[in-house]
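Counting begins at 1 with the first residue of the sequence. Just so we're clear, the structure is a prediction, and the values are computed from it rather than from any experiment. Atoms within a ligand are numbered from 1 in the order they appear, just like the ligands themselves.
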Amino acid sequence: MGDKRSSDAAEVSDDKYSILLPTYNESENLPIIVWLIIKYLTESGYQFEIIIIDDGSPDGTLDVAKQLQKIYGEEKIVLRPRPKKLGLGTAYVHGMKSATGNFIVIMDADLSHHPKFIPQFITKQKEGNYDVVSGTRYIGDGGVYGWDFKRKLVSRGANFLTQLLLRPGASDLTGSFRLYRKHVLEKLVQSCVSKGYVFQMEMIIRARQFGYTIGEVPITFVDRVYGESKLGGSEIFQFVKALLYLFATT
Ligand code: GDD
Ligand code: MN
């Protein structure tokens, strides 16, 4: 897999990648993640834009985003803020409406998802002409760093149960670092019923159901350094509930 080939591909490609960054209290992380995305995508020569969806973060994330827009320009950094915290699923839908790319990359803004993987997702997509490329912590060199035992158990458990009940044909169902063809993501979002954390899992299940092709790239997931995750007992309950619903209906 030579670098030469992928950069040649980028030069002749009309493809454009819209990277959706939902943020809630990410003022410390945002400058770093944006800098890294720009660095890796500029190096690989692909056209891209970053769409930041901030939900009225009290820590001033939106002000930081405005500064970044001044530095990198309005073509590269698009701001689509909402007045208050309305949840991750609807943040994607909201951001997608403004996307001008034919491909969409979804990732967390807290540095758990490293931008260096984006060019690998793109290469993978082109290799197999996939509809979806999903980052996976559960094959090859993939993995999780910095989680406590409980969170590892919850993630493994959720993936194991889903594999058992739904046989989705993808190894990481709860991760959210993925690349989608834009029209595929639109279709998936329309057909997904769940809210919150379960959403990621349902997206992959539906993708399978509609016969979309899924490529996988091993990724490492590093726990956030600044701020905190919103995963708790009620999310676990929601997950199991939605899993059983999908089991019964798909
Ligand atoms: N706009 C907006 N609105 N952004 C939000 C909201 C919201 O209501 N809630 C969270 N975010 C942003 C965060 O700022 C971060 O960039 C990203 O969404 C993920 O939120 P985290 O709170 O860091 O999630 P997590 O680390 O617990 O969970 C991640 O890993 C899970 C898999 O293990 C997420 O990627 C989950 O989707 C994933 O299932
Ligand atoms: Mn996180």
| query | Got a donor-acceptor contact below 3.5 angstrom from the Ser191 side chain to the Leu188 backbone? | reply | yes
| said: Please confirm whether the ring centroid of Phe221 lies under 6.0 Å from the ring centroid of Phe177. | reply: no
| request: Verify the neighbour count for atom OH of Tyr245: are there more than 12 heavy atoms of other residues, nucleotides or ligands below 6.0 Å? | output: no
| Closer than 2.8 Å to the Mn ion (ligand 2) - protein N, O or S atoms, ordered by chain and residue number | Asp110 OD2
| said: Can you tell me if Phe199 contacts ligand 1 (heavy atom of the residue under 4.0 Å from the ligand)? | reply: no
| With Leu179, the side-chain contact (heavy atoms from CB on, under 4.5 Å) member among Asp131, Ile106, Val133 | Val133
| note | Interatomic distance, CG@Leu62 vs CD@Gln69, rounded to 0.5 Å, equals 9.5 Å
| request: From atom 17 (C) of ligand 1, work out which of Asp108, Ile33, Thr61 has a heavy atom at the shortest distance. | output: Asp108
| note | For Ser176, the atoms of ligand 1 under 4.0 Å from one of its heavy atoms are 34 (C), 35 (O), 37 (O)
| query | With a cut-off of 4.0 Å, which atoms of ligand 1 are near a heavy atom of Gln200? | reply | 37 (O), 39 (O)
| task | Take Tyr212 and Tyr180 through the ring-ring contact (aromatic ring centres under 6.0 Å, His included) test and state the conclusion after the steps. | result | CA-CA 10 Å; Tyr212 292 131; Tyr180 298 87; 9.5 Å; no
| said: Out of all atoms in ligand 1, which are within 4.0 Å of some heavy atom of Phe221? Include the element for each. | reply: 30 (O)
| task | Using heavy-atom distances, let me know which of Val154, Leu88, Ile106 sits nearest atom 5 (C) of ligand 1. | result | Leu88
| Transitive ILVMFWY side-chain link Phe210 to Leu185, under 4.5 Å | yes
| message | Does Asp141, at its CG atom, have more than 12 non-hydrogen atoms belonging to other residues, nucleotides or ligands within less than 6.0 Å? | response | no
| message | With respect to Arg82, determine whether any N or O atom, backbone or side chain, lies less than 3.5 Å from an N or O atom of ligand 1. | response | no
| With a 4.0 Å cut-off on heavy atoms, does Met107 reach ligand 1? | no
| said: Grouping I, L, V, M, F, W and Y whenever their side-chain heavy atoms are under 4.5 Å apart, do Phe48 and Ile32 come out in a common cluster? | reply: yes
| field | ligand 1 to His113 polar contact by distance, N or O atoms, under 3.5 Å | value | no
| task | Ignoring hydrogens, just give me the one of Lys152, Arg80, Arg137 whose non-hydrogen atom is nearest atom 33 (O) of ligand 1. | result | Arg137
| query | For Glu49 and Thr100, which heavy atoms make the closest approach, and how far apart are they? | reply | OE2-N, 2.7 Å
| said: With a 4.0 Å cut-off on heavy atoms, is Arg151 in contact with ligand 1? | reply: yes
| message | Need the ligand 1 atom indices (1-based, order shown) with element for anything under 4.0 Å from a heavy-atom of Ala109. | response | 15 (C), 16 (O)
| message | Could you tell me, atom by atom, which parts of ligand 1 come under 4.0 Å of a heavy atom of Ala91? | response | 1 (N)
| query | For ligand 1, which atoms have a heavy atom of Glu26 less than 4.0 angstrom away? | reply | 13 (C), 14 (O), 15 (C), 16 (O)
| field | Asp55: numbered ligand 1 atoms lying under 4.0 Å from its heavy atoms | value | 1 (N), 2 (C), 3 (N), 7 (C), 8 (O)
| Would Tyr138 and Ser155 count as having a side-chain donor-acceptor pair, cut-off 3.5 Å? | yes
| request: Say whether Trp147 and ligand 1 are in contact under the criterion: heavy-atom distance to a ligand atom below 4.0 Å. | output: yes
| request: Start with the C-alpha gap between Asp110 and Asn29, add the side-chain angles, then the distance that decides, and say whether side-chain hydrogen bond (donor to acceptor under 3.5 Å, both in side chains) holds. | output: CA-CA 6 Å; Asp110 60 356; Asn29 294 316; 5.9 Å; no
| query | Do His114 side-chain atoms and Thr220 backbone N/O form a donor-acceptor pair below 3.5 Å? | reply | no
| Within-shell test, Gly87 vs ligand 1, heavy atom, strictly < 4.0 Å | yes
| request: Output, in order, the C-alpha distance, side-chain angles, deciding distance and verdict of side-chain contact (heavy atoms from CB on, under 4.5 Å) for Arg178 and Met203. | output: CA-CA 11 Å; Arg178 294 178 187 153; Met203 297 271 277; 4.0 Å; yes
